[in-house]
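The structure presented is a predicted model; accordingly, all values stated were derived computationally and were not measured. Both counts, for ligands and for their atoms, begin at 1 and track the order of listing.
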Amino acid sequence: MLLLKSILFVLLLVLPNAVPAELDWWQNAVFYQIYPRSFKDSNNDGTGDLRGIIQKLDHLVDTGVTALWLSPIYSSPQVDFGYDISDFRDVDPLFGNMSDFLELLAKAKGKGLRVILDFVPNHSSDKHEWFEKSENSVPGYEDYYVWKDGDPSVPPNSWTSYFHGPAWTWSTKRNQWYFHQFASAQPDLNYRNPKVVQEMKDVLTYWLDLGVDGFRVDIITALFEDVNYPDGPLDQSAYRSDQPETYDMVYQWRILLDEYQKKNGGDTRVMMTESYADADKLFGYYGNATHNGAHFSFNFWFITQLNKDSTATDIKGVIDKWFNNMPERYTANWVLGNHDQSRVASRYGTGRVDGLSMIEMILPGVAVTYNGEEIGMENGKVTWSEGWDPQGCNGNEEDWEKNSRDFQRTPYQWDATVNAGFNEGHKTWLPVSDKYTTLNLALQHTKNLKSHYRIYQELVKLRQTETLKFGKLRTFALPNNVLVIIRELENNPTYVVVVNVGDKFASVDLKSVASQFVVQIPSVQSSKIPKSIIDGSTIYLVGFEAVVLVSV
Ligand SMILES: *[C@@H]1O[C@H](CO)[C@@H](O)[C@H](O)[C@H]1NC(C)=O
Ligand SMILES: *[C@@H]1O[C@H](CO)[C@@H](O)[C@H](O)[C@H]1NC(C)=O
Ligand SMILES: CC(=O)N[C@H]1CO[C@H](CO)[C@@H](O)[C@@H]1O
Ligand SMILES: [Ca+2]
Ligand SMILES: [Ca+2]
């Protein structure tokens, strides 16, 4: 009894420091990105839709994720697959209608899933009513977009669109040029016009009123350009990306979200921003000394700074760089893929799929999963004539493989039935990968089978432990190309991820961490037995093997 009392006493002394306040719902969440066109086609027209997503909500529940982010579902001519929006307040008929969306929202919430919408503020479609009015100089709408006078044969400056060709298109209706960072069908909105600022704030409020849990802000970097649109052989990105006014707009949206919550109650409405910037520009999206910004700004460094040839030292470097630059009050996040990037399996090699999931999931903060990565989907095969993506199709055929983003957008591989279960055998908008008979969810779901999916599920579960929520982080890159990530928290088990980044046999000595470990989650190529005990002093790893261990 005395012993128990003294243990309790010690615990009480230690606990207040060791365990910080509970995390807010989003701070260790996994956000699952659904690319609606390719997820599930409920009506066999070849394109995924909202009713398809409703049918598959139980898959999300099964993964253990607690939030989904929908790529754009708004009315759109689909020039850039929904990122060209002709009505920010309605659902495209291709995906369903508003009642389908409301049903999706209610059913998702009923299953404990938060719903995040894509907010695409930089541009609208050229078919948006605002653009049509602006192009026709309807009073009040003249300055909704960026218009410049000039010679119809010479664009106002040398800037190029991200989708090839000049960033300017001549309007014969207005006899002026309009600016577009992306396709000419995606004219940039003019945020120096207070009416535009208010319109877009109203769009946010509109969806909040319908009950969404927050927004993922598309390509925030591009919002403002230098007011002079300077010409010449200059570093364009300095004038068209990450401008001071852009950060200010993010801070204004954050105020809107916070005030909305204050007024209407409920949980935090979250904002995440998309910028591929490096450290010097990126953290400004989280906020500054006096203002809060996004709850987190996507960390794409695994995508932009690592590849198939990266070593354990490179990976450790990217992780450490993040924490050395991020102010401590912010929440980290890790993004391995999305609909713009080659599939993880294709980018880093199929052998590294589980190791990367383990790294992403054991690190502190938010994890973001692009649909299909949980089963290790690979890039599909799409020929030049089958492709759709303007980034590929507007370029040359020789550059197709390099430019197109269609390969990572092929339909989700649900099972081994016709069209991978995406629909019932009708033509699909992009071809289904021919790998689907052996690479699909149903197969990986098989009981007692070791699979990318089973590993992913286990990892998501592990994130609920106190250690992974609050534990300190240590990282090591060993000379034999093995990466070790340790999470530890007083009075809790220590979790260690060991990843053999290379293809050579390797062994590691972890006895300074613990003399013995229990094997928690082995990668698919591992022969280690889950729940077995291994000695900390010599842990052998075959090429690419990865394993989550827990101290005993
Ligand atoms: C929306 O579409 C569904 C089918 O997906 C249909 O049953 C429903 O009647 C439609 N609702 C409205 C308001 O058009
Ligand atoms: C922080 O942002 C606000 C709002 O944009 C701005 O007024 C202020 O100058 C910024 N502070 C710093 C230190 O940059
Ligand atoms: C990851 C992502 O959402 N990328 C989008 C960024 O914005 C451009 C233009 O809206 C889209 O083409 C990308 O797909
Ligand atoms: Ca459909
Ligand atoms: Ca812009």
Side-chain angles (χ1 to χ4, degrees), residues 33-55 69-74 76 78-85 92-97 100 116-125 161-163 180-183 185-189 215-224 243-255 272-276 283-293 298 300 303-304 335-341 368 370 388-392 394 403-406 408-409 411 419 422-424 426-429:
Q33 181 195 352
I34 293 180
Y35 192 68
R37 295 184 70 92
S38 302
F39 199 58
K40 169 75 188 174
D41 176 17
S42 72
N43 62 351
N44 289 302
D45 67 355
T47 307
D49 43 58
L50 295 178
R51 302 218 69 81
I53 298 171
I54 293 172
Q55 286 171 18
W69 145 35
L70 290 177
S71 280
I73 53 166
Y74 314 106
S76 164
Q78 306 286 328
V79 170
D80 187 21
F81 303 106
Y83 286 93
D84 51 316
I85 297 167
D92 196 277
L94 189 66
F95 297 126
N97 58 30
D100 295 324
I116 306 296
L117 289 185
D118 219 309
F119 179 51
V120 187
N122 179 64
H123 42 264
S124 74
S125 160
S161 138
Y162 291 120
F163 295 159
H180 49 89
Q181 301 247 30
F182 294 88
Q186 292 166 295
D188 273 45
L189 286 158
F215 303 93
R216 172 273 189 186
V217 184
D218 181 56
I219 197 74
I220 186 61
T221 355
L223 205 65
F224 281 84
Q243 300 297 301
E245 297 100 317
T246 302
Y247 294 98
D248 183 67
M249 192 55 54
V250 171
Y251 304 164
Q252 291 188 37
W253 292 334
R254 175 60 181 270
I255 291 170
M272 47 191 109
T273 44
E274 184 199 29
S275 157
Y276 282 85
F283 292 103
Y285 290 111
Y286 274 84
N288 71 10
T290 53
H291 286 66
N292 285 324
F298 279 168
F300 291 119
I303 295 171
T304 54
V335 182
L336 295 188
N338 60 40
H339 59 277
D340 290 344
Q341 309 297 336
V368 184
Y370 175 49
W388 291 99
D389 178 25
Q391 187 171 296
N394 296 357
N403 285 341
S404 177
R405 299 170 297 179
D406 287 318
Q408 55 266 28
R409 298 175 178 181
N419 283 346
F422 172 68
N423 67 16
E424 287 160 7
H426 300 261
K427 194 168 164 46
T428 58
W429 80 285

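If you check which protein heavy atom lies closest to atom 8 (C) of ligand 3, you get Phe182 CE2, 3.7 Å. Closest protein heavy atom to atom 11 (C) of ligand 3: Asp80 OD2, 3.3 Å. At the top of the distance list for atom 13 (C) of ligand 3, counting protein heavy atoms only, stands Asp340 OD2, 3.3 Å. Ranking the protein heavy atoms by distance from atom 1 (C) of ligand 3 puts Glu274 OE2, 2.9 Å first.
Within ligand 3, the atoms closer than 4.0 Å to a non-hydrogen atom of Phe163 are 12 (O), numbered from 1 in the order shown. The ligand atoms of ligand 3 that sit less than 4.0 angstrom from a heavy atom of Ile219 are 7 (O). When each atom of ligand 3 is checked for a heavy atom of Tyr83 under 4.0 Å away, the hits are 3 (O), 10 (O), 11 (C), 14 (O). Every atom of ligand 3 with a heavy atom of Arg405 under 4.0 Å away is listed here by number and element: 11 (C), 12 (O), 13 (C), 14 (O).
Using a 3.5 Å distance cut-off with no hydrogens or angles, the side chains of Ser404 and Trp388 do not pair a donor with an acceptor. A side-chain donor from one of Ser71 and Gln33 sits under 3.5 Å from a side-chain acceptor of the other.
A parallel orientation is assigned to the rings of Tyr35 and His339, their planes being inclined by less than 30° (bins at 30° and 60°).
Looking at ligand 3, you won't find any N or O of Asp118 less than 3.5 Å from one of its N or O atoms. Polar contact with ligand 3: absent for Tyr276 (N/O pair, distance under 3.5 Å). Taking distance alone, with nitrogen or oxygen atoms compared against 3.5 Å, Asn338 stays at or beyond that limit from ligand 3.
Protein nitrogen, oxygen and sulfur atoms, that is N, O or S, within less than 3.0 Å of the Ca ion (ligand 4) amount to 5.
Ligand 3 lies less than 4.0 angstrom from a heavy atom belonging to His123.
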For ligand 2, which of its N or O atoms have a protein N or O partner closer than 3.5 Å, and how long is each gap?
from     : atom 1 : to     : atom 2 : distance (Å)
ligand 2 : 2 (O)  : Asn288 : ND2    : 2.3
ligand 2 : 5 (O)  : Asp248 : OD1    : 2.5
ligand 2 : 11 (N) : Asn288 : ND2    : 2.8

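Under the 4.5 Å side-chain criterion, counting only non-hydrogen atoms from C-beta, Asn419 is not in contact with Pro411.
Residue Glu424 qualifies as open at atom CD: its count of foreign heavy atoms under 6.0 Å is 12 or below.
Formation of a donor-acceptor pair under 3.5 Å by the Asp41 side chain with backbone atoms of Phe422 is not found in this model.
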